[in-house]
2 protein chains.
Amino acid sequence: MRITALAGGVGGARFLRGLLRHLEHRSATASGEAPTRITVIGNTGDDITLFGLRVCPDIDTILYTLGGGVHEGQGWGRADETHSLATELAALGATPQWFTLGDKDFATHVYRSQLLGRGMPLSQVVSRLSARWGLPDLGVTLLPMTDTPVETHVVVEEDGEQRAIHFQEWWVRHQAALPAERFVVAGLDQATAAPGVLDAIRETDVVLLPPSNPVVSIGIILGVPGVRDALRGTRAPVVGVSPLVGGRPVRGHADACLRAIGVEESSAGVAGLYEDFLDGWLVDEQDPMPAGRPSARSRLEVEHRPLLMSSVDAAADLAGAALDLGLRLREDRASRVTA
Amino acid sequence: MRITALAGGVGGARFLRGLLRHLEHRSATASGEAPTRITVIGNTGDDITLFGLRVCPDIDTILYTLGGGVHEGQGWGRADETHSLATELAALGATPQWFTLGDKDFATHVYRSQLLGRGMPLSQVVSRLSARWGLPDLGVTLLPMTDTPVETHVVVEEDGEQRAIHFQEWWVRHQAALPAERFVVAGLDQATAAPGVLDAIRETDVVLLPPSNPVVSIGIILGVPGVRDALRGTRAPVVGVSPLVGGRPVRGHADACLRAIGVEESSAGVAGLYEDFLDGWLVDEQDPMPAGRPSARSRLEVEHRPLLMSSVDAAADLAGAALDLGLRLREDRASRVTA
């Protein structure tokens with residue numbers, strides 16, 4: 001089986017870890033099944049250069065989470081982390097100081113920056129980092145959405161003046177509390193999907209959208225030229241998980257992002273962003289969802305269920321439900337073709 | 001009073017710390033004396049780029065030593081250091097692993113590399129680092145010998161084949177145990193002395209040469225175009241401290257370096273390297289030194305005394321002796337001009 005997932009940071013990483021747990025259980029009960037290959041297309045839209053080093057927050061969160069090195073409480077960064085380097089940079093007066101980088105985490109950025117500086121494409125760097133975190137052994141191929149450096153800026157209004165700040169400054173420093181006028185992803189329209197990205201969407205059995213931010217994570221991946229078309233054209237069902245419960249994000253600031261782009265802060269609103277390619281949609285038990293809302297490809301199959309990933313097992317249940325829905329839609333489709 | 005010193009790493013830094021201690025005592029006994037200004041011209045010939053970051057070992061040793069942050073036992077690197085980043089880089093398979101870099105030390109290299117990457121000259125970067133370590137308050141201006149990146153390579157012979165390795169690989173990894181055929185300082189002949197370097201030699205009261213390596217520390221500074229001429233032309237006396245005791249270096253591998261360039265491993269041999277500008281020379285009590293060996297400028301004034309800097313106070317005594325000799329030679333000269 002081949003699964004392709006588009007993923008942002010913490011929510012995406014936890015969903016994927018749940019998916020791996022689910023597949024473990026599945027293969028334990030159904031012996032003889034061929035191992036599942038998972039291709040993850042990671043968001044690089046919130047990448048940032050700090051202290052001259054290239055930082056890829058979403059990619060690293062996926063690496064650390066799947067590789068067992070993540071700081072569980074935070075959801076990002078490394079477990080058992082120290083902060084000598086950041087403390088010394090502060091003593092040197094280096095800025096910014098609002099982005100937390102631990103010593104172990106710094107090693108990732110130093111290594112990546114060194115390889116990028118030699119001219120290695122980001123996708124190859126991510127492949128090396130994946131090897132360090134054992135992703136190949138898990139059957140996971142992690143691809144950055146693009147090798148082209150892109151950066152998301154947020155246009156905010158303060159004291160009647162508009163100015164653009166880096167997405168991370170808005171997200172981390174201001175906790176998305178400054179009302180955003182719009183997002184500008186510098187370089188995105190000229191970006192090229194990284195090698196393997198479009199094929200992973202076209203030639204797969206199921207495409208999954210974890211409950212990642214629909215605007216600044218999944219939304220940015222969708223903006224990479226060719227990705228949206230590949231999703232529209234793939235024969236694999238596309239199943240998403242709503243990032244909202246009762247109109248509010250479980251974590252992060254998806255509501256503020258939706259407000260900024262003028263989209264209703266609801267699971268239905270998010271489904272609308274995906275309506276040209278979405279086949280299945282998992283929403284919270286209590287969330288209203290216009291029944292049988294038509295999508296461009298077919299009727300949208302909506303399933304109500306608990307969305308909270310309060311443990312790895314809960315995430316495994318959720319990922320399993322998304323996968324099962326995808327496989328069912330795939331069988332339906334196959335039988336329709338046969339019939 | 002103005003003092004200018006040419007300095008390498010550990011030996012130079014400890015001598016300079018001794019000089020500051022000596023000047024403290026001096027000003028405590030002679031109140032009303034104007035504060036002394038010390039300009040240190042630091043060697044950048046053994047700089048190296050590691051993990052894409054620019055490392056300036058000698059400059060940093062001076063900063064850490066004078067600023068009170070040095071690892072006293074090692075003589076280089078930071079006190080109370082951790083090594084998370086290097087451990088993680090090793091897990092990533094990044095090389096080399098023979099050069100020890102601690103987490104606090106890494107911050108210096110990250111900060112420097114960021115500023116250099118923005119186009120800031122090294123001398124301005126060093127000025128910022130100096131501020132962090134309080135050098136201005138000590139009356140010390142630290143200048144890199146040049147803003148031009150230079151790198152020393154060592155030609156070694158192994159199994160009948162000659163090959164060039166970076167100086168640090170020879171020095172740190174091989175502990176100078178591979179016989180060196182010669183040193184090649186890439187970029188040195190095209191380098192320009194950093195702003196202030198030549199003036200600091202020409203317009204000063206005393207020039208001091210700490211017991212730094214005469215070949216790969218002081219010798220490289222002397223190779224910066226204009227430096228040797230400035231030393232020959234300055235009216236200030238130039239007083240050096242031999243780095244050898246009984247033909248052997250107190251620390252480091254000055255003997256191996258002298259062998260490589262075919263110079264006698266003795267205080268007399270080292271003085272010969274400086275003979276076109278040296279006025280005063282401090283050698284160990286038991287070291288033979290051809291009495292009254294003529295220098296190009298005048299007779300060379302040789303003083304025998306203990307050279308071991310076994311404590312800050314011992315270093316202060318040594319630096320004080322060098323300074324006193326310089327001031328005496330200066331007075332002699334002034335009285336000759338008057339007479």
Side-chain angles (χ1 to χ4, degrees), chain A residues 48-55 60 63-64 67-71 77-97 99 101-120 124-135, chain B residues 48-55 60 63-64 67-71 77-97 99 101-120 124-135:
Chain A
I48 186 168
T49 300
L50 294 168
F51 310 111
L53 303 174
R54 192 67 177 162
V55 179
D60 292 348
L63 289 167
Y64 298 163
V70 80
H71 185 296
R78 295 285 304 273
D80 306 316
E81 187 59 290
T82 52
H83 296 86
S84 291
L85 211 151
T87 303
E88 179 58 27
L89 282 172
L92 285 162
T95 55
Q97 288 168 25
F99 199 96
L101 292 171
D103 296 328
K104 292 179 185 174
D105 194 27
F106 252 114
T108 305
H109 314 315
V110 166
Y111 181 66
R112 172 169 39 231
S113 302
Q114 180 186 21
L115 297 182
L116 291 174
R118 287 182 192 160
M120 186 182 283
Q124 287 181 33
V125 177
V126 170
S127 167
R128 292 228 191 162
L129 292 169
S130 295
R132 183 261 181 267
W133 288 107
L135 268 55
Chain B
I48 186 168
T49 300
L50 294 168
F51 311 111
L53 303 174
R54 192 68 177 162
V55 179
D60 293 348
L63 289 166
Y64 298 163
V70 80
H71 185 296
R78 295 285 303 273
D80 306 316
E81 187 58 291
T82 52
H83 296 86
S84 291
L85 211 151
T87 303
E88 179 57 27
L89 282 172
L92 285 162
T95 54
Q97 289 168 24
F99 199 95
L101 292 171
D103 296 328
K104 292 179 185 175
D105 194 27
F106 252 114
T108 305
H109 313 315
V110 166
Y111 180 67
R112 171 169 40 230
S113 302
Q114 180 186 21
L115 298 182
L116 290 174
R118 286 183 192 161
M120 186 181 284
Q124 286 181 32
V125 177
V126 170
S127 167
R128 293 229 190 160
L129 292 169
S130 295
R132 183 263 180 266
W133 288 106
L135 267 57

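Chain letters run A, B, ... following the sequence lines, proteins first and then strands; every chain starts at 1.
Note: A/L53 CG to B/Q114 CD = 8.0 Å, rounded to the nearest 0.5 Å. Considering CG of B/D103 and OG1 of A/T87, their distance stands at 10.0 Å, rounded to 0.5 Å.
Proximity to chain A is absent for every atom of B/R118, based on heavy atoms less than 4.5 angstrom apart. With a 4.5 angstrom heavy-atom cutoff, A/L115 does not touch chain B via any of its atoms. At a 4.5 Å heavy-atom cutoff, B/S113 makes no contact with chain A through either its backbone or its side chain.
Side-chain atoms of B/T82 and A/T82 include no donor-acceptor pair closer than 3.5 Å.
Taking chain B as the reference chain and counting heavy-atom pairs below 4.5 Å, the highest number among A/L89, A/L129, A/L92 is found for A/L92. With respect to chain A, the highest number of heavy-atom pairs below 4.5 Å among B/Y111, B/F106, B/W133 belongs to B/Y111. When A/D105, A/T49, A/D80, A/V110 are compared by the number of non-hydrogen pairs under 4.5 Å with chain B, A/V110 comes out ahead.
The two residues B/E88 and A/A107 have their closest heavy-atom pair at CG-CB, 3.3 Å. Of all heavy-atom pairs between A/K104 and B/S84, the closest is CG-CB, 4.2 Å.
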